[in-house]
Peer 1: 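Got a structure for you, questions after.
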Amino acid sequence: MMDFTDRVVLITGAAGGIGQAMARHFGERGAAIAALDKSEAVHDFAATLTGDGIRTAAAAADIGDEDEVATAIATLREALGPVAVLINNAGISNVATLEKTSPESWREDVNTNLNGAYNCAHAVMADLKAAGDGAIVNISSVNGLQAYGDPAYSAAKAGLINFTKALAMEYGRFGIRANAICPGTVRTPIWNHRVERQPEILEELERWYPLRRVVDPIDIAWAAAFLASPDAAAISGAILPVDCGLSAGNIVMTRALTLEDF
Ligand SMILES: NC(=O)c1ccc[n+]([C@@H]2O[C@H](COP(=O)([O-])OP(=O)(O)OC[C@H]3O[C@@H](n4cnc5c(N)ncnc54)[C@H](O)[C@@H]3O)[C@@H](O)[C@H]2O)c1
């Protein structure tokens with residue numbers, strides 16, 4: 001079993017669907033969890049983890065605000081010690097089309113999904129350098145690879161992929177590895193506003209996925225833990241789809257093209 005004993009793992013968006021699954025997964029493998037989220041719910045979640053025997057500290061901050069990030073990470077470092085692993089997971093998706101996008105909503109999407117990851121990496125880089133084997137896992141999206149709507153979000157997620165490669169290139173000499181995960185559709189609260197409009201949306205999406213299901217938060221946690229662990233010691237700058245096969249090809253078109261039951 002992967003062992004993160006004595007490693008402080010900072011997870012942003014820790015109060016959300018994927019964030020909670022990752023915090024629990026790393027924590028059950030010995031990590032101390034530095035949980036950061038803009039939602040105050042992060043404190044209740046941290047208390048639950050602590051109750052389950054996982055060393056946890058929490059801070060509420062907006063990752064898009066560099067001063068809030070610096071203050072929050074200083075507090076978390078004081079509670080748990082220097083950060084060895086950063087999981088840039090916090091994200092938002094605001095507006096479905098370019099036509100509905102405003103300069104303000106574009107800025108907010110890019111500020112959270114891209115600038116926020118930079119702010120957090122910047123704030124922990126000295127810790128990661130000192131660790132000598134630090135790791136960053138950026139949670140991008142299949143939207144960073146192809147256009148699936150939500151254009152500002154997608155542009156930011158594409159930027160996050162290039163940022164991951166820049167981190168890998170520049171900080172490899174300090175033993176720091178940086179990798180990105182591109183999830184497909186994951187069943188989490190980020191979908192709530194669309195589930196309200198179309199309750200069966202996630203079930204309807206399943207036909208686009210070769211594995212005939214959407215992704216579970218734990219699937220992302222497993223991949224993130226692997227990439228952050230010594231088992232991935234030679235992996236840096238990699239962009240890993242965790243998408244039930246979505247990016248392998250267009251299965252709906254392939255069914256139509258071949259008249260076969262894929
Ligand atoms: N769920 C999906 O289908 C899916 C697919 C691809 C990628 N992702 C990515 O996975 C990550 C986690 O998403 P999720 O599905 O768990 O969503 P979620 O809404 O359940 O969780 C996101 C968390 O991020 C926090 N957050 C948002 N903006 C923040 C900010 N400015 N500062 C600090 N915290 C902030 C929210 O409070 C929330 O707790 C996101 O980056 C998302 O883009 C999700």
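These values consider heavy atoms only, across backbone and side chains, with no hydrogens, waters or symmetry-generated copies. We count ligands from 1, going down the list as the structure has it; atoms in each ligand are counted the same way.
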Peer 1: Less than 4.0 Å between a side-chain N and a carboxylate O, is that true for E203 and R213?
Peer 2: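 Salt bridge absent between R213 and E203.
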Peer 1: Taking the basic N atoms (NZ, or NE/NH1/NH2) and the acidic carboxylate oxygens, is any pair closer than 4.0 Å for R24 and D52?
Peer 2: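 Salt bridge: yes.
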Peer 1: Suppose we screen for side-chain contact (heavy atoms from CB on, under 4.5 Å). Which residues come up paired with H122, at least two apart in sequence or across chains?
Peer 2: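 Partners of H122 under the side-chain contact (heavy atoms from CB on, under 4.5 Å) test: Y118.
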Peer 1: Scan I181, L114, I87, N88 and name whichever one has a side-chain contact (heavy atoms from CB on, under 4.5 Å) with N138.
Peer 2: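 One option only clears the test, and that one is N88.
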Peer 1: I'd like to know if D150 and K100 make a salt bridge, using a cut-off of under 4.0 Å between side-chain N and carboxylate O.
Peer 2: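 No salt bridge links D150 with K100.
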Peer 1: With hydrogens left out, which residues have an atom under 4.0 Å from ligand 1, given that only heavy atoms count?
Peer 2: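 Only G13, A15, G16, G17, I18, D37, K38, S39, A61, D62, I63, N89, A90, G91, I92, T112, I139, S140, S141, Y153, K157, P183, G184, T185, V186, T188, P189, I190, W191 have heavy atoms that fall under 4.0 Å of ligand 1, ordered by chain and number.
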Peer 1: Between R187 and E206, does any side-chain N to carboxylate O distance fall below 4.0 Å?
Peer 2: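 Yes.
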